[in-house]
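Scroll down for the structure; my scribbles are underneath it.
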Amino acid sequence: MPSNSPNCGLYPGYSDETMLTERGYSSTIKGDNVTMTTKILHIICDPGGILYDIYYPRKPEDLEWVYYVGSR
């Protein structure tokens, strides 16, 4: 089910080496239900209190899910 999805968030099954570089999502199927999961970092401020309020790798509303639907 997952397809190449470079404009999604961070792949949830990342390792330490690919934590901030690997884009995509994972999916689980239970019966007729499909759940797709991606990760986004929301950086509000640094330890010194400087406000950033940024998302990485992109804002939730800018996510693009690339997937296909087929028979099993």
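Position 1 is the first residue of the sequence, and the numbers go up from there.
With Lys39 as the partner, the side chain to side chain contact (heavy atoms under 4.5 Å, CB included) test is satisfied by one option alone out of Pro12, Ser26, Pro57: Pro12.
From Ile54, atom CD1 reaches atom CD1 of Ile43 across 4.5 Å, with rounding to the nearest 0.5 Å. Note that the NZ atom of Lys30 and the OG1 atom of Thr35 stand 7.5 Å from one another [nearest 0.5 Å].
You'll find the side chain of Thr28 stays beyond 4.5 Å of the side chain of Val34, heavy atoms only. When side chains are defined from C-beta on, Tyr52 counts as touching Asp46, because their heavy atoms get closer than 4.5 Å. At a threshold of 4.5 Å between non-hydrogen side-chain atoms, the residues Leu10 and Arg23 count as touching. Here the side chains of Leu63 and Ile40 are in contact, with some heavy-atom distance below 4.5 Å.
One hydrophobic cluster holds both Ile29 and Met36 under the rule that ILVMFWY side chains link at heavy-atom gaps under 4.5 Å.
Thr38 places no side-chain N or O within 3.5 Å of a backbone atom of Tyr25 that could act as its donor or acceptor partner. In terms of modelled atom types and a separation under 3.5 Å, the side chain of Arg58 and the main chain of Gly9 share no donor-acceptor contact.
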Stepwise side chain to side chain contact (heavy atoms under 4.5 Å, CB included) check, Leu51 with Cys45: CA-CA 4 Å; Leu51 296 175; Cys45 66; 3.8 Å; yes
